[in-house]
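These notes are about the structure you will find just below.
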Amino acid sequence: MRDNGRVTSATRQPETPAATTPPRLIATDLDGTLLRDDKSVSPRTIAALAAAEEAGIEVFFVTGRPARWMDVVSDHVHGHGLAICGNGAAVVDLHGGPGAHRFVKVRELARENALDAVRLLREAAPGTVYAVEQTFGFNQEPAYPKLHVEVPDSLAPAEDLLAPDSHTAGEPVLKILAYHPELDPDAFLTLARLAIGDRANVTRSSPSALLEISGPGVSKASTLALCCAERGISHEEVVAFGDMPNDVEMLTWAGRSYAMGNAHPDVVAAASGRTVANNDDGVAVVIERLLDERR
(Lines give C-alpha, C1' and ligand atoms only; values in the text may rest on other atoms or scores of the structure.)
Protein backbone atom coordinates (compact mmCIF):
# COMPACT_ATOMS: atom_id res chain seq x y z
CA MET A 1 0.00 0.00 0.00
CA ARG A 2 1.50 3.32 -0.98
CA ASP A 3 0.40 6.76 -1.95
CA ASN A 4 1.65 8.20 -5.21
CA GLY A 5 5.22 9.37 -5.45
CA ARG A 6 8.04 8.74 -7.88
CA VAL A 7 11.24 7.57 -6.24
CA THR A 8 13.57 7.59 -9.21
CA SER A 9 12.91 8.06 -12.90
CA ALA A 10 13.44 5.52 -15.67
CA THR A 11 15.93 6.47 -18.34
CA ARG A 12 16.78 3.14 -19.95
CA GLN A 13 15.31 0.01 -21.41
CA PRO A 14 14.83 -3.15 -19.33
CA GLU A 15 17.82 -5.19 -18.27
CA THR A 16 16.87 -8.84 -18.64
CA PRO A 17 18.86 -11.59 -16.89
CA ALA A 18 19.78 -14.57 -19.01
CA ALA A 19 16.92 -17.05 -19.10
CA THR A 20 17.51 -20.22 -17.11
CA THR A 21 14.47 -22.05 -15.74
CA PRO A 22 11.23 -21.38 -17.64
CA PRO A 23 8.85 -19.36 -15.44
CA ARG A 24 5.75 -20.97 -13.96
CA LEU A 25 4.57 -18.07 -11.81
CA ILE A 26 4.69 -14.27 -12.03
CA ALA A 27 4.47 -12.39 -8.72
CA THR A 28 3.85 -8.67 -9.03
CA ASP A 29 3.36 -5.82 -6.63
CA LEU A 30 0.55 -3.39 -7.50
CA ASP A 31 1.07 0.25 -6.52
CA GLY A 32 4.06 1.75 -8.27
CA THR A 33 4.60 -1.53 -10.15
CA LEU A 34 1.69 -3.05 -12.06
CA LEU A 35 -0.59 -0.03 -11.60
CA ARG A 36 0.05 3.31 -13.20
CA ASP A 37 0.17 6.34 -10.91
CA ASP A 38 -3.53 6.97 -11.56
CA LYS A 39 -4.18 3.46 -10.12
CA SER A 40 -5.28 2.07 -13.50
CA VAL A 41 -4.18 -1.13 -15.24
CA SER A 42 -3.21 -0.24 -18.79
CA PRO A 43 -4.65 -2.15 -21.78
CA ARG A 44 -1.15 -3.38 -22.61
CA THR A 45 -0.71 -4.78 -19.09
CA ILE A 46 -4.15 -6.42 -19.14
CA ALA A 47 -3.23 -8.13 -22.40
CA ALA A 48 0.15 -9.27 -21.04
CA LEU A 49 -1.40 -10.78 -17.90
CA ALA A 50 -3.99 -12.64 -19.97
CA ALA A 51 -1.31 -13.91 -22.36
CA ALA A 52 0.80 -15.20 -19.44
CA GLU A 53 -2.15 -17.11 -17.99
CA GLU A 54 -3.01 -18.50 -21.42
CA ALA A 55 0.58 -19.73 -21.70
CA GLY A 56 0.20 -21.61 -18.41
CA ILE A 57 2.05 -19.12 -16.19
CA GLU A 58 0.15 -18.29 -13.00
CA VAL A 59 -0.04 -14.63 -12.00
CA PHE A 60 -0.15 -13.65 -8.33
CA PHE A 61 -0.79 -10.10 -7.16
CA VAL A 62 1.37 -9.58 -4.06
CA THR A 63 0.59 -6.30 -2.34
CA GLY A 64 0.53 -4.33 0.87
CA ARG A 65 -3.09 -3.40 0.14
CA PRO A 66 -5.87 -4.81 2.28
CA ALA A 67 -8.29 -7.19 0.58
CA ARG A 68 -11.03 -4.56 0.42
CA TRP A 69 -8.83 -2.41 -1.83
CA MET A 70 -8.38 -5.12 -4.47
CA ASP A 71 -11.27 -4.10 -6.72
CA VAL A 72 -8.76 -2.34 -8.97
CA VAL A 73 -7.47 -5.74 -10.16
CA SER A 74 -10.31 -8.14 -9.28
CA ASP A 75 -11.34 -8.29 -12.94
CA HIS A 76 -7.87 -9.48 -13.90
CA VAL A 77 -7.46 -12.53 -11.65
CA HIS A 78 -7.47 -15.56 -13.89
CA GLY A 79 -7.68 -19.22 -12.92
CA HIS A 80 -6.86 -19.50 -9.21
CA GLY A 81 -8.20 -16.03 -8.34
CA LEU A 82 -5.82 -15.65 -5.40
CA ALA A 83 -3.92 -12.58 -4.23
CA ILE A 84 -1.47 -12.07 -1.38
CA CYS A 85 -2.54 -8.99 0.62
CA GLY A 86 -1.28 -7.04 3.61
CA ASN A 87 2.40 -7.74 2.84
CA GLY A 88 1.84 -11.47 3.21
CA ALA A 89 -0.59 -11.38 6.13
CA ALA A 90 -3.44 -12.82 4.06
CA VAL A 91 -4.10 -14.93 0.98
CA VAL A 92 -7.44 -13.89 -0.48
CA ASP A 93 -9.74 -15.44 -3.09
CA LEU A 94 -10.99 -12.53 -5.20
CA HIS A 95 -13.39 -14.51 -7.35
CA GLY A 96 -16.38 -13.22 -5.38
CA GLY A 97 -15.68 -9.66 -6.48
CA PRO A 98 -15.45 -6.49 -4.37
CA GLY A 99 -16.79 -7.02 -0.86
CA ALA A 100 -17.27 -10.76 -1.39
CA HIS A 101 -13.69 -11.98 -1.10
CA ARG A 102 -12.77 -15.02 1.00
CA PHE A 103 -9.73 -15.31 3.24
CA VAL A 104 -7.88 -18.51 2.34
CA LYS A 105 -4.95 -18.01 4.72
CA VAL A 106 -4.41 -15.52 7.54
CA ARG A 107 -1.02 -14.93 9.17
CA GLU A 108 -1.98 -12.61 11.99
CA LEU A 109 0.05 -10.34 14.21
CA ALA A 110 -0.46 -11.54 17.79
CA ARG A 111 -1.84 -8.79 20.00
CA GLU A 112 0.93 -9.30 22.53
CA ASN A 113 3.53 -8.70 19.82
CA ALA A 114 1.55 -5.75 18.48
CA LEU A 115 1.40 -4.10 21.90
CA ASP A 116 5.14 -4.64 22.36
CA ALA A 117 5.82 -3.05 18.98
CA VAL A 118 3.66 -0.03 19.77
CA ARG A 119 5.33 0.47 23.16
CA LEU A 120 8.88 0.08 21.86
CA LEU A 121 8.35 2.38 18.91
CA ARG A 122 6.65 5.03 21.06
CA GLU A 123 9.78 5.03 23.23
CA ALA A 124 12.18 5.12 20.27
CA ALA A 125 10.26 7.65 18.17
CA PRO A 126 8.02 9.94 20.24
CA GLY A 127 5.22 11.38 18.14
CA THR A 128 4.48 8.13 16.29
CA VAL A 129 0.76 7.55 15.71
CA TYR A 130 -0.93 4.26 14.79
CA ALA A 131 -3.68 2.55 12.87
CA VAL A 132 -4.70 -1.11 13.15
CA GLU A 133 -5.51 -3.11 10.02
CA GLN A 134 -7.65 -6.23 10.57
CA THR A 135 -9.18 -8.75 8.21
CA PHE A 136 -12.23 -6.56 7.65
CA GLY A 137 -11.88 -3.64 10.06
CA PHE A 138 -9.70 -0.54 10.11
CA ASN A 139 -9.25 1.43 13.33
CA GLN A 140 -6.92 4.27 14.21
CA GLU A 141 -5.75 6.72 16.82
CA PRO A 142 -7.40 10.16 16.75
CA ALA A 143 -4.11 11.83 15.73
CA TYR A 144 -3.43 9.45 12.85
CA PRO A 145 -3.62 11.55 9.66
CA LYS A 146 -6.05 11.00 6.81
CA LEU A 147 -3.67 8.94 4.66
CA HIS A 148 -6.23 6.49 3.30
CA VAL A 149 -9.42 6.63 1.30
CA GLU A 150 -11.70 5.27 4.00
CA VAL A 151 -13.30 6.35 7.24
CA PRO A 152 -12.01 4.33 10.23
CA ASP A 153 -14.40 2.08 12.11
CA SER A 154 -13.34 3.58 15.43
CA LEU A 155 -10.93 6.04 17.04
CA ALA A 156 -8.95 5.11 20.14
CA PRO A 157 -5.36 4.79 21.39
CA ALA A 158 -3.58 1.81 19.84
CA GLU A 159 -3.17 0.21 23.27
CA ASP A 160 -6.96 0.17 23.66
CA LEU A 161 -7.56 -1.12 20.13
CA LEU A 162 -5.11 -3.97 20.70
CA ALA A 163 -6.15 -4.90 24.24
CA PRO A 164 -7.34 -8.51 24.71
CA ASP A 165 -10.78 -7.25 25.82
CA SER A 166 -11.08 -4.64 23.05
CA HIS A 167 -14.21 -4.51 20.88
CA THR A 168 -11.85 -5.49 18.02
CA ALA A 169 -10.60 -8.64 19.76
CA GLY A 170 -12.71 -11.08 17.76
CA GLU A 171 -10.98 -10.22 14.50
CA PRO A 172 -7.34 -11.02 13.58
CA VAL A 173 -4.85 -8.17 13.35
CA LEU A 174 -3.03 -8.26 10.01
CA LYS A 175 -0.70 -5.33 10.53
CA ILE A 176 -0.15 -2.06 12.35
CA LEU A 177 0.48 1.17 10.48
CA ALA A 178 2.87 3.56 12.22
CA TYR A 179 3.22 7.15 11.02
CA HIS A 180 5.68 9.83 12.04
CA PRO A 181 5.16 13.42 10.91
CA GLU A 182 8.82 14.46 10.90
CA LEU A 183 11.25 11.58 10.45
CA ASP A 184 12.87 10.60 7.17
CA PRO A 185 11.11 7.45 5.89
CA ASP A 186 14.24 5.29 5.59
CA ALA A 187 15.60 6.51 8.93
CA PHE A 188 12.25 5.72 10.56
CA LEU A 189 12.34 2.20 9.09
CA THR A 190 15.85 1.55 10.39
CA LEU A 191 15.01 2.92 13.82
CA ALA A 192 11.84 0.82 14.07
CA ARG A 193 13.57 -2.39 13.03
CA LEU A 194 16.22 -1.86 15.70
CA ALA A 195 13.67 -0.98 18.37
CA ILE A 196 11.18 -3.78 17.65
CA GLY A 197 13.66 -6.53 16.83
CA ASP A 198 12.19 -9.98 16.26
CA ARG A 199 8.81 -9.20 17.84
CA ALA A 200 7.42 -8.22 14.44
CA ASN A 201 8.38 -7.68 10.82
CA VAL A 202 8.69 -4.00 9.86
CA THR A 203 8.73 -2.60 6.34
CA ARG A 204 7.40 0.30 4.29
CA SER A 205 5.83 0.93 0.90
CA SER A 206 4.95 4.63 1.09
CA PRO A 207 7.22 7.56 0.22
CA SER A 208 6.11 9.12 3.52
CA ALA A 209 7.24 8.02 6.98
CA LEU A 210 4.57 5.31 7.19
CA LEU A 211 5.65 1.87 8.40
CA GLU A 212 3.81 -1.44 8.12
CA ILE A 213 4.28 -3.86 11.01
CA SER A 214 3.34 -7.53 10.58
CA GLY A 215 3.83 -10.77 12.48
CA PRO A 216 7.34 -12.20 12.92
CA GLY A 217 8.49 -13.76 9.67
CA VAL A 218 5.45 -12.51 7.75
CA SER A 219 6.39 -10.92 4.45
CA LYS A 220 5.46 -11.00 0.81
CA ALA A 221 8.31 -13.45 0.25
CA SER A 222 7.43 -15.93 2.99
CA THR A 223 3.75 -16.14 2.04
CA LEU A 224 4.57 -16.36 -1.66
CA ALA A 225 6.97 -19.22 -0.83
CA LEU A 226 4.13 -21.04 0.99
CA CYS A 227 1.78 -20.60 -1.99
CA CYS A 228 4.46 -21.82 -4.39
CA ALA A 229 5.26 -24.85 -2.25
CA GLU A 230 1.57 -25.82 -2.32
CA ARG A 231 1.79 -25.78 -6.12
CA GLY A 232 5.12 -27.56 -6.42
CA ILE A 233 6.74 -24.42 -7.83
CA SER A 234 10.35 -23.68 -6.91
CA HIS A 235 11.72 -20.18 -6.40
CA GLU A 236 13.76 -20.59 -9.60
CA GLU A 237 10.45 -20.77 -11.50
CA VAL A 238 9.19 -17.44 -10.13
CA VAL A 239 9.54 -14.03 -11.77
CA ALA A 240 8.85 -11.10 -9.41
CA PHE A 241 8.35 -7.35 -9.82
CA GLY A 242 8.45 -4.54 -7.25
CA ASP A 243 9.37 -0.96 -6.45
CA MET A 244 9.54 -0.37 -2.67
CA PRO A 245 11.30 -1.81 0.43
CA ASN A 246 8.39 -4.18 1.19
CA ASP A 247 9.27 -5.96 -2.08
CA VAL A 248 12.95 -6.54 -1.32
CA GLU A 249 12.63 -10.01 0.25
CA MET A 250 10.36 -11.21 -2.56
CA LEU A 251 12.73 -9.96 -5.24
CA THR A 252 15.68 -11.59 -3.51
CA TRP A 253 13.82 -14.90 -3.16
CA ALA A 254 12.56 -15.19 -6.74
CA GLY A 255 14.65 -16.83 -9.43
CA ARG A 256 14.29 -13.76 -11.64
CA SER A 257 13.26 -10.35 -10.37
CA TYR A 258 12.82 -6.86 -11.75
CA ALA A 259 13.00 -3.46 -10.11
CA MET A 260 10.80 -0.88 -11.74
CA GLY A 261 12.37 2.20 -13.32
CA ASN A 262 10.80 4.23 -10.50
CA ALA A 263 12.06 1.88 -7.75
CA HIS A 264 13.65 2.66 -4.40
CA PRO A 265 17.46 2.17 -4.46
CA ASP A 266 17.24 -0.83 -2.11
CA VAL A 267 14.90 -2.53 -4.59
CA VAL A 268 17.27 -1.88 -7.48
CA ALA A 269 20.08 -3.46 -5.45
CA ALA A 270 17.98 -6.52 -4.57
CA ALA A 271 16.60 -7.34 -8.02
CA SER A 272 18.39 -9.36 -10.67
CA GLY A 273 17.13 -7.10 -13.46
CA ARG A 274 15.48 -3.76 -14.10
CA THR A 275 12.58 -2.70 -16.25
CA VAL A 276 11.04 0.65 -17.15
CA ALA A 277 8.70 2.58 -14.87
CA ASN A 278 5.16 1.62 -13.90
CA ASN A 279 3.73 4.41 -16.07
CA ASP A 280 5.61 2.90 -19.03
CA ASP A 281 4.14 -0.60 -18.50
CA GLY A 282 7.37 -2.07 -17.16
CA VAL A 283 5.73 -5.33 -16.03
CA ALA A 284 4.10 -5.87 -19.43
CA VAL A 285 7.39 -5.20 -21.21
CA VAL A 286 9.08 -8.05 -19.33
CA ILE A 287 6.13 -10.46 -19.62
CA GLU A 288 6.09 -9.97 -23.39
CA ARG A 289 9.79 -10.79 -23.54
CA LEU A 290 9.35 -13.84 -21.32
CA LEU A 291 6.63 -15.15 -23.61
CA ASP A 292 8.81 -14.51 -26.65
CA GLU A 293 11.51 -16.69 -25.02
CA ARG A 294 9.04 -19.61 -24.94
CA ARG A 295 8.23 -19.46 -28.63
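Along the sequence shown, residues are numbered consecutively beginning with 1.
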Test log, rule side-chain contact (heavy atoms from CB on, under 4.5 Å), inputs M70 and T63: CA-CA 9 Å; M70 295 298 288; T63 179; 3.7 Å; yes

Straight-line distance of N246 CG to L211 CG, nearest 0.5 Å: 11.5 Å

Contacts of R193 that satisfy side chain to side chain donor-acceptor pair (under 3.5 Å) - sequence neighbours left out: none

pair L177-E212: side-chain heavy atoms closer than 4.5 Å: yes

Heavy-atom check, side chain of S272 versus side chain of S257, under 4.5 Å: yes

CH2-CG distance between W253 and L224, expressed to the nearest 0.5 angstrom: 4.5 Å

Salt-bridge criterion met for E230 and K105 (N-O under 4.0 Å): yes

Side-chain H-bond candidate by donor/acceptor type, R111 with S166, under 3.5 Å: no

Residue pair M260 / V283, side-chain heavy-atom distance below 4.5 Å: yes

L189 to T203 - nearest heavy-atom pair and separation: CD1-CA, 3.7 Å

CD on Q140 to CD on E133, rounded to 0.5 Å: 11.0 Å

Main-chain N/O of R36 paired to N279 side chain as donor or acceptor, under 3.5 Å: no

Short N-O contact, R119 and D116, less than 4.0 angstrom: yes

Closest heavy-atom pair and its distance - P126, H180: O-NE2, 2.9 Å

Side chain N201, main chain V218, donor-acceptor under 3.5 Å: yes

Reported CG-to-OG distance for the pair D243 and S205, which is rounded to 0.5 angstrom: 8.5 Å

Set of residues satisfying side chain to side chain donor-acceptor pair (under 3.5 Å) with respect to S40, sequence neighbours excluded: D38

Considering all heavy atoms, the nearest I84-G88 contact: CG2-CA, 3.6 Å

Side-chain touch F188/V202, heavy atoms, less than 4.5 angstrom: no

Sequence neighbours excluded, every pair satisfying salt bridge (Lys or Arg N to Asp or Glu O under 4.0 Å) that has a member inside residues 148-164: R68-E150, R122-E159

hydrophobic_cluster_shared for L121 and V173, side chain cutoff 4.5 Å: yes

Y144 and Y179 aromatic ring geometry - parallel, tilted or perpendicular at 30°/60° bounds: perpendicular

Spacing of CD belonging to E236 relative to CZ belonging to R24, to within rounding of 0.5 Å: 11.5 Å

Heavy-atom pair of closest approach, residues G261 and R274: O-NH2, 3.0 Å

Exam field: side chain D184 to backbone A187, donor-acceptor pair closer than 3.5 Å: yes

Joint cluster assignment, V248 & M250, ILVMFWY side-chain distance < 4.5 Å: no

Side-chain donor/acceptor of D280 to backbone N/O of G282, under 3.5 Å: no

Nearest non-hydrogen partners of Y258 and A271, listed with the distance: C-CB, 3.9 Å

E123 CD: over 12 foreign heavy atoms closer than 6.0 Å: yes

Transitive ILVMFWY side-chain link I196 to L183, under 4.5 Å: yes

Flag, side chain of N262 to backbone of A277, donor-acceptor distance under 3.5 Å: no

Hphob cluster co-occupancy, V267 + F241, side-chain heavy atoms under 4.5 angstrom: no

From CA spacing to verdict: side-chain contact (heavy atoms from CB on, under 4.5 Å), T135, L174: CA-CA 6 Å; T135 44; L174 298 185; 4.0 Å; yes

For the student: nearest non-hydrogen atoms of A52 and I26, plus distance: CB-CD1, 3.9 Å

Any donor-acceptor N/O pair, E58 side chain to L25 backbone, under 3.5 Å: no

Note, F60 side chain near C227 side chain (heavy atom, < 4.5 Å): yes

Check: E249 side chain, S219 main-chain N or O, donor-acceptor pair, under 3.5 Å: no

Residue pair L115 / E112, side-chain heavy-atom distance below 4.5 Å: no

Shared hydrophobic cluster, V92 / F136 (ILVMFWY, side-chain heavy atoms < 4.5 Å): yes

Backbone N/O of G217 and side chain of S222: donor-acceptor pair under 3.5 Å: yes

Atom pair CG/CG of D71 and L94 - distance to nearest 0.5 Å: 10.0 Å

Full working for side-chain contact (heavy atoms from CB on, under 4.5 Å) between L35 and V73: CA-CA 9 Å; L35 303 180; V73 292; 4.1 Å; yes

Note, D29 side chain near M244 side chain (heavy atom, < 4.5 Å): no

Check: S234/E237 side-chain N/O donor and acceptor closer than 3.5 Å: yes

Note, K220 side chain near D247 side chain (heavy atom, < 4.5 Å): yes

Donor-acceptor pair between N87 and S214 side chains, under 3.5 angstrom: no

Full working for side-chain contact (heavy atoms from CB on, under 4.5 Å) between L49 and I287: CA-CA 8 Å; L49 295 176; I287 291 176; 4.0 Å; yes

